[in-house]
Amino acid sequence: VVKNGHDITLTDFRIDENMYDGVKLEGGADQFIYKIKNFEIDSGSRAGIIIGNESAVRDVHVSNGVMGSCYHGILLRECSGIYGSNVDIISSTSHGVAFYPDTGKNVRNVLFEKILADTSGGHGFFVGSNGGNINQISFNGCWGSTNTNHGIYIGSNNVDGVNIAGGLY
């Protein structure tokens, strides 16, 4: 768990087997800028990376990684200013990437470039809500193919501002 930190970078690591969350990022009064890069995460029973489960997280960069066999590859619960690039998420039990804020929470200002959410048991990219809001998200050149369900699924009335440019879903 990384909580209430400023300008923290996690790099060049591998996490595998028997964990609930691979990396859990939480906010706080002083939290600003988390970077995760050059990584491999395998077999998380909830998420390879979870962002903002208990408190809002701001400015997160996730790049150059691989995640496999997690329940969700990336789970976004309460966050803003998320940038992801060049991440390969394979064989998630549920969704490769899940946007899922609770009531009163927000997931906003998310830019994904070249994120692969492949061979998931659910959707590649699930944009849903548990009563919260999802605003201003963008997918550029992403891959959400070969999943049990849809490549990308937007299933909430609380979604505003989605941009999809290129890619395969």
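Just so you know, these numbers come straight off a predicted model, no measurement behind them.
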Asker: For the pair Asn140 (side chain) and Lys114 (backbone), establish whether a donor and an acceptor sit closer than 3.5 Å, ignoring hydrogens and angles.
Answerer: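 Checking the backbone N and O of Lys114 against the side chain of Asn140, no donor-acceptor pair under 3.5 Å is found.
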Asker: How far does CG of Asn163 sit from CD of Gln136, to the nearest 0.5 angstrom?
Answerer: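 Output value for this atom pair is 9.5 Å.
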Asker: Keeping His72 on the side-chain end and Ala98 on the backbone end, is there a donor-acceptor pair under 3.5 Å?
Answerer: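 Pair absent, no side-chain N/O of His72 close to backbone of Ala98.
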Asker: Run the side-chain contact (heavy atoms from CB on, under 4.5 Å) check on Ser69 and Asp42 step by step: do they pass?
Answerer: CA-CA 6 Å; Ser69 302; Asp42 297 309; 5.8 Å; no
Asker: Treat each ILVMFWY residue as a node, draw an edge where side-chain heavy atoms are under 4.5 Å apart, and state whether Phe13 and Ile8 are in one component.
Answerer: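 Per the 4.5 Å side-chain linkage, Phe13 and Ile8 are co-clustered.
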Asker: Answer yes if Val60 and Phe39 sit in the same cluster of Ile, Leu, Val, Met, Phe, Trp and Tyr residues linked by side chain heavy atoms under 4.5 Å apart, and no otherwise.
Answerer: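 They do share one cluster, since a chain of ILVMFWY contacts under 4.5 Å joins Val60 to Phe39.
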Asker: Is the shortest heavy-atom distance from the side chain of Ser63 to the side chain of Asn86 under 4.5 Å?
Answerer: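 Answer no - side chains too far apart.
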Asker: Do the charged groups of Arg77 and Glu54 touch, with an N to O distance under 4.0 Å?
Answerer: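 No.
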Asker: Are Trp143 and Ile90 co-members of a hydrophobic cluster defined by side-chain heavy atoms under 4.5 Å apart?
Answerer: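 Different hydrophobic clusters.
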Asker: For the side chain of Asn158 and the backbone of Gly132, is there at least one donor-acceptor N/O pair under 3.5 Å apart?
Answerer: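 Here the side-chain-to-backbone pair exists.
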Asker: Counting neighbours of OH on Tyr71 that are heavy atoms of other residues, nucleotides or ligands and sit closer than 6.0 Å, is the number greater than 12?
Answerer: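 For Tyr71, atom OH is not crowded (no more than 12 foreign heavy atoms under 6.0 Å).
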Asker: Answer whether the closest heavy-atom distance between the side chains of Ile49 and Ile41 falls below 4.5 Å.
Answerer: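 Yes, at least one pair of side-chain atoms sits under 4.5 Å.
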Asker: Report the C-alpha distance between Ile89 and Val87 in whole Å, list the side-chain angles of each, state the deciding distance to 0.1 Å, and finish with yes or no for side-chain contact (heavy atoms from CB on, under 4.5 Å).
Answerer: CA-CA 6 Å; Ile89 304 166; Val87 177; 3.9 Å; yes
Asker: Tell me the closest heavy-atom pair linking Ser43 and Cys70, and the distance in Å.
Answerer: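 Shortest heavy-atom contact: N-SG, 3.8 Å.
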Asker: Output the distance between atom OG1 (Thr9) and atom CG (Asp12), rounded to the nearest 0.5 Å.
Answerer: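 So the gap between those two atoms works out to 10.5 Å.
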Asker: Please identify each residue that fulfils salt bridge (charged side-chain N to carboxylate O under 4.0 Å, His left out) with Asp16, with sequence neighbours left out.
Answerer: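 For Asp16, the residues satisfying salt bridge (charged side-chain N to carboxylate O under 4.0 Å, His left out) (neighbours in sequence not counted) are Arg14.
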Asker: Any idea how Phe112 and Phe99 line up, ring-wise: parallel (<30°), tilted (30 to 60°), or perpendicular (>60°)?
Answerer: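 Geometry flag for Phe99 against Phe112: perpendicular rings.
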Asker: Quick check: does any side chain N or O of Asn147 sit under 3.5 Å from a backbone N or O of Ala117, one acting as donor and the other as acceptor?
Answerer: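 Yes; judged by distance alone, with no hydrogens or angles, the pair exists.
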Asker: Can Met19 be reached from Val62 by stepping across I, L, V, M, F, W or Y side chains whose heavy atoms are under 4.5 Å apart?
Answerer: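 They do share one cluster, since a chain of ILVMFWY contacts under 4.5 Å joins Val62 to Met19.
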Asker: How far does CG of Asn130 sit from OH of Tyr100, to the nearest 0.5 angstrom?
Answerer: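 Rounded to the nearest 0.5 Å, the CG-OH separation comes out at 3.5 Å.
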Asker: When Val127 is tested against each of Ile154, Val107, Val97 for side chain to side chain contact (heavy atoms under 4.5 Å, CB included), which residue passes?
Answerer: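 Between Val127 and the candidates, side chain to side chain contact (heavy atoms under 4.5 Å, CB included) is satisfied uniquely by Ile154.
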Asker: Of the non-hydrogen atoms in Ser129 and Pro101, which two are nearest, and what is the gap between them?
Answerer: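 The pair with the smallest heavy-atom distance is OG-O, 3.6 Å.
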Asker: Are the side chain of Gln31 and the backbone N or O of Arg58 linked by a donor-acceptor pair below 3.5 Å?
Answerer: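 Checking the backbone N and O of Arg58 against the side chain of Gln31, a donor-acceptor pair under 3.5 Å is found.
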Asker: What I'd like to find out is whether the side chain of Ile82 reaches to under 4.5 Å of the side chain of Leu111, using heavy atoms alone.
Answerer: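 Not touching, per the 4.5 Å side-chain cut-off.
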Asker: Can you list the steps and then say if Ile164 with Ile152 is a side-chain contact (heavy atoms from CB on, under 4.5 Å)?
Answerer: CA-CA 10 Å; Ile164 300 170; Ile152 187 167; 3.9 Å; yes
Asker: Counting N and O atoms only, with roles assigned by atom type, does the side chain of Ser120 sit under 3.5 Å from a partner on the main chain of Gly96, one being a donor and the other an acceptor?
Answerer: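 Here the side-chain-to-backbone pair exists.
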Asker: Testing the basics here: between Leu75 and Ala47, what is the closest heavy-atom pair and its distance to 0.1 Å?
Answerer: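 Heavy atoms of Leu75 and Ala47 come nearest at CB-CB, 4.0 Å.
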Asker: Identify the two heavy atoms, one from Ile51 and one from Cys79, that lie closest to each other, and give their separation to 0.1 Å.
Answerer: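 Minimum heavy-atom contact is CG2-CB, 3.6 Å.
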Asker: Between Phe125 and Phe139, is the ring centre distance below 6.0 Å?
Answerer: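 Ring-ring flag for Phe125/Phe139: true, centres closer than 6.0 Å.
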Asker: What's the spacing between Asn4 CG and Asp30 CG if we round to 0.5 Å?
Answerer: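 Output value for this atom pair is 5.0 Å.
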Asker: Tell me whether Phe126 shares a hydrophobic cluster with Ile74, the cluster being built from Ile, Leu, Val, Met, Phe, Trp, Tyr side chains joined at under 4.5 Å.
Answerer: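 No, Phe126 and Ile74 fall in different hydrophobic clusters.
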Asker: How about OH on Tyr153, more than 12 heavy atoms from neighbouring residues, nucleotides or ligands closer than 6.0 Å, or not?
Answerer: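 Result for OH/Tyr153: open.
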Asker: Short question: side chain of Ser92, backbone of Ser94 - any donor-acceptor pair under 3.5 Å?
Answerer: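 No: the side chain of Ser92 does not pair with the backbone of Ser94.
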Asker: Taking Asn64 for its side chain and Lys37 for its backbone only, find out whether a donor-acceptor pair lies under 3.5 Å.
Answerer: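 Between the backbone of Lys37 and the side chain of Asn64 there is no qualifying donor-acceptor contact (under 3.5 Å).
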Asker: Look only at the side chain of Ser55 and the backbone of Gly27, and say whether a donor-acceptor pair between them is shorter than 3.5 Å.
Answerer: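 The answer is yes, because a donor-acceptor pair under 3.5 Å joins these two groups.
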Asker: Rounded to the nearest 0.5 Å, what separates atom CG in Asn106 from atom OG in Ser80?
Answerer: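 With rounding to 0.5 Å, CG (Asn106) is 8.5 Å from OG (Ser80).
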Asker: Can you tell me how far the CG atom of Asp88 sits from the CG atom of Asp118, to the nearest 0.5 Å?
Answerer: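 Reported value, rounded in 0.5 Å steps: 7.0 Å.
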Asker: Check whether Tyr34 reaches the backbone of Gly5 with its side chain - one donor and one acceptor, N or O, closer than 3.5 Å.
Answerer: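 Answer holds: yes.
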Asker: Taking 4.0 angstrom as the limit, do Glu78 and Lys105 come out as a salt bridge?
Answerer: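 Result for this pair is yes, salt bridge flagged.
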